[in-house]
Protein chains: 2
Amino acid sequence: MENRLSAPTRLEDIAARVGVSRSEVSRVLNGRARAGKSVGAATRDRILEAAREMNYSPHRAAQSLVSGRTNTAALMIVIDRQAKASPFLEDHDAPDELSPHYHEILGGLTYTLNEYGIHLMLAQCGGPNIDPNVAMEQIARSHTCDGLIITDMMIDDVRPAILDQTGLPYVVRGSSPQPDTVAVGMDNAAVGYEAVKYLYGLGHRRILFYNIRRELMVGQGRFEGMCRAREEFGLHATLEYRDDVHHQNGVYTSLLQRLQEPNIPTAIFAEDEISALGAERALTEAGLRVPEDVSVMTCLNARFMRLVAPHLTVLNVRLNEVASQAGHLLAKMVQGEVVERKQVFLQPILEERGSTAPPRGNS
Amino acid sequence: MENRLSAPTRLEDIAARVGVSRSEVSRVLNGRARAGKSVGAATRDRILEAAREMNYSPHRAAQSLVSGRTNTAALMIVIDRQAKASPFLEDHDAPDELSPHYHEILGGLTYTLNEYGIHLMLAQCGGPNIDPNVAMEQIARSHTCDGLIITDMMIDDVRPAILDQTGLPYVVRGSSPQPDTVAVGMDNAAVGYEAVKYLYGLGHRRILFYNIRRELMVGQGRFEGMCRAREEFGLHATLEYRDDVHHQNGVYTSLLQRLQEPNIPTAIFAEDEISALGAERALTEAGLRVPEDVSVMTCLNARFMRLVAPHLTVLNVRLNEVASQAGHLLAKMVQGEVVERKQVFLQPILEERGSTAPPRGNS
DNA sequence: CTGTTAGCGCTTTCAA
DNA sequence: TTGAAAGCGCTAACAG
């Protein structure tokens, strides 16, 4: 206690020093006082100067209490000992490891929300014996934030229903199972469709499609797109589909086994960069080259992966842009604008690099 | 307004319904009412039930205002159009791209703080015409959070001095230029030293050491460690040091040029995973193999990089653990515990993989 | 232009 | 065990 600092400055303190009332100081500091030419101008400057000298900074809780706004948006995340931080994590991941795709989401959200003067809070809804949805509802009801972003939607996700009851503005980053929701996501059907179409266009017929779990909206969407392409290009007999193995080791192991069977695929679509690398590892071990013997493609989730695996042909799913647009919408809703309750889908962008080529024997 | 929801439940509402006073409800809900066997027990249950039925959740701003606590910690980050989000980013990176090393920091911090019931807020201190330090000071003074974490320390960093004046608890993630600061970081000198020592132990004498900018504490620390090792192992003539080129393309270009000169190094230490891959690219293009012709090692900043570049020998700088320990300390400080104002350094852990080997001609 | 007053929702003495 | 009252720091309606 020896180094006790002087108590933080309040409006009251400035008022006392300048010799005016609290409200006057409040008005001046909030710009609600017209810069009239009369007496005001002088006191006005004295107030501003005093505020500066005294390092005044308004108490946010007090402001929030009266204004009803926190200037904060929350991103719901779940880190848990038991459950995983995200459906995208591997089983052996440490509990404090965030799924890599959060990286882009956080960047896009933080950057965009900042343009509206809104801070981002990570609403950790995990913990022992805690139902994430209950934790989320409490955050939503406690005026902790002005709005909420939820991600990683499941096909039976009840969070939109819960949040609708609370009245808190929220936006879904991704696809929502309920159509009547503000949501910004990737067109996952397009991802599934375009992947197959692209490989088909190169001449591939034997395609192995690794998908995300279909309990997730992403997985379901990609599945539907894949089905459409399979239909359109007549690949019923030759397009293999799997959504039961995941992550690097899962795909690696599964593919290694598959390669010992007949009619190996000439092209592989992997669910993400990490599993694409798992696929490549299996191919290499089996003595196959990419792309000469087998083509591999996947989605670009994080931009720095371009530096890490620059050879991969990818569909850029633009997580940062999705998050950014979600941020814009949420900011508008928080400001009271009425936003149409519908889903916005961005299109994936093909980035063709060295891991894909026409199959052997083709041109 | 047609779908107007009922106003959120207040203490008052519960009190009215049960027929007691606000204070009574407050006490019960906060467990400040002993579970006496007398009349209390009955009203107590009715209060709890009413609170549940009415979806009561305390208004955080109101609680904060009276308690003086927000149960929030903030991580200062700077995303800016002009400046870069982090000193570790490449020039061409988009403004909304977070430096990858934040990934581990965020995971470790969020996870640990959650154990104390503390949420993490990303305190974005960037923006056009905004001095990040001023923005930080305002956040510190406005009772937006109970504590602050600052990272990416520069050797002339003034943030500790600023924060000391505000009285807000804070901890430095990394090394602080001021010794009288609560800080948790990697032993950067050990990183520089151990890297050289390890390569020396393998038999390497011509070592090329790429370092982080020395304006950063990390760079300065590694430099000092490298110097000590250079001295100890008598490598004055053969250890090349550079801290003027960075990132993947910088290292790639620089190394490609170096390889055309005589006496090429037999081992390279790169500042991070991304630049290590740049170094490997240059080596490959020059017809050199890793590790047969040249060894490459770097630091492990993000754990998932093990999956992405599993062949790299690394010094694990354990960013998540550093962040986690920083979180523990901050939580204690927030709770009023007196924490010794000194710096804690974790040791890097060598993870030997396939990118390093004894130089040609050695055993 | 400026001061007075009330009140945001909660916690916490202090009495009863 | 419970209620009444004060107050956290701020904003805004209403007088003057």
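Residue numbers begin at 1 in each chain, while the letters A, B, ... track the order of the sequences.
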Begin from the C-alpha positions of A:Arg173 and A:Asp152 and carry the test salt bridge (charged side-chain N to carboxylate O under 4.0 Å, His left out) through to its verdict. CA-CA 8 Å; A:Arg173 197 281 317 171; A:Asp152 302 338; 3.4 Å; yes
Test salt bridge (charged side-chain N to carboxylate O under 4.0 Å, His left out) on A:Glu49 and A:Arg46; report intermediate values, then the result. CA-CA 5 Å; A:Glu49 196 193 321; A:Arg46 290 174 55 216; over 6 Å; no
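For A:Ser26, the side chain to side chain contact (heavy atoms under 4.5 Å, CB included) partners two or more places apart in sequence, or in a different chain, are A:Leu11, A:Asn30.
Donor-acceptor pairing under 3.5 Å is recorded for the side chains of A:His328 and A:Tyr116. Between the side chains of A:Asn320 and A:Tyr111, no donor-acceptor pair is found at a separation under 3.5 Å. For the residue pair B:Arg141 / B:Thr166, no side-chain donor-acceptor distance below 3.5 Å is found, with atom types taken as modelled. Between the side chains of B:Thr181 and B:Arg159, no donor-acceptor pair is found at a separation under 3.5 Å. Side-chain polar atoms of A:Ser142 and B:Ser57 form no donor-acceptor pair below 3.5 angstrom.
Each of A:Val66 and B:Ala62 has a nearest nucleotide on DNA chain D; the 5'-most of these lies closest to B:Ala62. The residue among B:Arg22 and A:Ala61 whose nearest nucleotide of DNA chain D is located toward the 5' end is B:Arg22.
Phosphate proximity of D:dC10 to A:Tyr56: present, with a side-chain N or O under 4.0 Å from OP1 or OP2. For D:dG9, neither phosphate oxygen OP1 nor OP2 lies less than 4.0 angstrom from any side-chain nitrogen or oxygen of A:Gln63. Note on A:Ser23: every side-chain N or O is 4.0 Å or more away from OP1 and OP2 of C:dT5. For B:Ser26, a side-chain nitrogen or oxygen approaches OP1 or OP2 of C:dT11 to under 4.0 Å.
One interatomic measurement links the two molecules: CG of B:Leu65 to P of C:dG7, which rounds to 17 Å at whole-angstrom precision. If you measure from atom CD of A:Glu24 to atom P of D:dT11, you get 13 Å, rounded to the nearest angstrom. Put simply, NE2 on A:His143 is 13 Å from P on C:dC8, counting in whole angstrom units. Spacing between atom CD1 of B:Ile47 and atom C1' of C:dC10 amounts to 15 Å, rounded to whole angstrom units. Residue A:Asn30 contributes atom CG, which lies 13 Å from atom P of D:dA13 at whole-angstrom precision. As a whole-Å value, the separation of B:His59 NE2 from C:dG9 P is 6 Å. The interatomic distance linking B:Arg60 (CZ) with C:dT11 (C1') rounds to 16 Å, in whole Å.
Contacts between residues 8-16 of chain B and DNA chain D, defined by a heavy-atom separation under 4.0 Å, are absent.
Looking at B:Leu75, B:Leu122, B:Leu109 one by one, the single match for side chain to side chain contact (heavy atoms under 4.5 Å, CB included) with B:Tyr102 turns out to be B:Leu75.
Judged by distance alone, with hydrogens and angles left aside, B:Arg27 brings a side-chain donor or acceptor within reach of the base of D:dG3, the pair sitting under 3.5 Å.
Comparing the helix axis at one end of the helix from C:dC1-D:dG16 to C:dA16-D:dT1 with that at the other, each defined from 5 consecutive pairs, gives an inter-axis angle of 40° (nearest 10°).
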